[in-house]
Novice: 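Before I ask anything, let me first share the structure, which is written out below as structure tokens.
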2 protein chains.
Amino acid sequence: MRNNYSFKMMITENFPEQLKQKGLKVTPQRLAIYEAVVKLKNHPTAEKIIEYIRVNHPNISVGTVYKVLDSLVENNLLKKVKSDKDIMRYDAVVIHHHHLYCSETDRIEDYKDEALDTLILEYFSKKKINNFKIQDITLQISGKFNNT
Amino acid sequence: MRNNYSFKMMITENFPEQLKQKGLKVTPQRLAIYEAVVKLKNHPTAEKIIEYIRVNHPNISVGTVYKVLDSLVENNLLKKVKSDKDIMRYDAVVIHHHHLYCSETDRIEDYKDEALDTLILEYFSKKKINNFKIQDITLQISGKFNNT
DNA sequence: CTGCGTGCAAATGGTTTGCACTACG
DNA sequence: CGTAGTGCAAACCATTTGCACGCAG
């Protein structure tokens, strides 16, 4: 977490072990679904995940996918991402980071910037908000990707 | 927009006139729905809005409420607010501002802070994001309200 | 045995859509 | 007339739920 360049690397580190630590059993369904979220770029919807795993696991049911996603989010192994649409999307990067949104293309990219975080934290260490205790600040940065 | 203390005041300014400017007809339904969003604190859901207007307008239908909300959002007279749940909520404050979230109570408060905006803008005027052109930055500030 | 995890299908619930009707220019 | 706006009810669709089965400890 100290180095920015590799903040996405930890997402695949020993997922089965993390399941065990949380008291969750290691099942083919959970492995497949987690792999789908990691491999699929652009913060997939449940639908995309189902589509992806169906190739190698045609028998995993829709209900199971939602149940697994919920339990992984609850155990902080995945994160839910709100998009402009009212469809939930999922993110395998669970450490603190921001998001770049393009409303035209529905593309969502992770954005980590510790200098920015520090700047904002410093600001709020001086300026308090009335009757509110801050726990977390996440930026939604909207704009356009340059043809990539 | 220059003075912070009154940033919520403009929301009620001559709504019928704004409708006309956008080429929308002034109807009792639109007035009632807009009034509901303004009067109801905490960024109401469609359900809360329906509940509110039902008292004085028992015959406005659910479909109409959704259609009116959509058209007002499209014409920038209201804004959609994403909450943790997958239910849409609406905000009568359409100028740029941030949100304070309390996940425990589902409370959402508007937060305007031009000094903070300036700070962040200055930061990004120096540091560019690769392949991305920023159009808007919105903060989601999560935390807890102090018993108010 | 005990129970977590799964598959399946039905149910749920917020939102949308189609269509006929109305009011107003 | 012509059309934007509305009411109503059915449809939609992402997600949830209930339940029976299966597998591992």
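As the structure is a computational prediction, the values presented were derived from the model and not from experiment. Within every chain, numbering begins at 1; the chains are lettered A, B, ... in the order of the sequence lines, protein sequences first and strands thereafter. The analysis underlying the following values was restricted to heavy atoms, covering all of them including side chains, and did not include hydrogens, waters or symmetry mates.
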Novice: Between A/Gln29 (CD) and D/dC21 (P), how many Å, whole number?
Specialist: 18 Å
Novice: Write down the distance between CZ (B/Arg30) and C1' (D/dT6), rounded to a whole number of angstrom.
Specialist: 10 Å
Novice: Return the polar atom pairs (N/O with N/O) between nucleotides 11-17 of chain C and the protein under 3.5 Å, or none.
Specialist:
from: C/dT15; atom 1: OP1; to: B/Met88; atom 2: N; distance (Å): 3.2
from: C/dT15; atom 1: OP2; to: B/Tyr66; atom 2: OH; distance (Å): 2.6

Novice: What integer distance in Å separates A/Ile60:CD1 from C/dG7:P?
Specialist: 6 Å
Novice: For A/Asn59 and D/dC21, what is the distance between atoms CG and C1' respectively, to the nearest whole Å?
Specialist: 15 Å
Novice: Taking only side-chain N and O atoms of B/Thr27, does any of them lie within less than 4.0 angstrom of OP1 or OP2 on D/dT6?
Specialist: yes
Novice: Just how far, in rounded Å, is C1' of C/dG5 from NE2 of A/His57?
Specialist: 16 Å
Novice: For B/His99 and B/Thr138, indicate whether the former's side chain and the latter's backbone hold a donor-acceptor pair under 3.5 Å.
Specialist: no
Novice: How close do A/Arg30 and A/Lys25 get, heavy atom to heavy atom, and via which atoms?
Specialist: NH1-O, 2.8 Å
Novice: Donor-acceptor check, side chain of A/His98 to backbone of A/Asp117, threshold 3.5 angstrom: yes or no?
Specialist: no
Novice: To the nearest Å, how far apart are B/Leu19 CG and D/dT6 C1'?
Specialist: 15 Å
Novice: What integer distance in Å separates A/Lys20:NZ from C/dC4:C1'?
Specialist: 16 Å
Novice: Rounded to the Å, how far apart are A/Ile50 CD1 and D/dT16 C1'?
Specialist: 13 Å
Novice: Measure from the side-chain N and O atoms of A/Lys82 to the backbone N and O of B/Lys82, and report whether any donor-acceptor pair falls under 3.5 Å.
Specialist: no
Novice: Check for a donor-acceptor pair, side chain of A/His43 on one end and backbone N or O of A/Ile108 on the other, with a separation under 3.5 Å.
Specialist: yes
Novice: Whether the side chain of A/Asp91 engages the backbone of A/Val93 through a donor-acceptor N/O pair (distance < 3.5 Å, no angle test) should be reported.
Specialist: yes
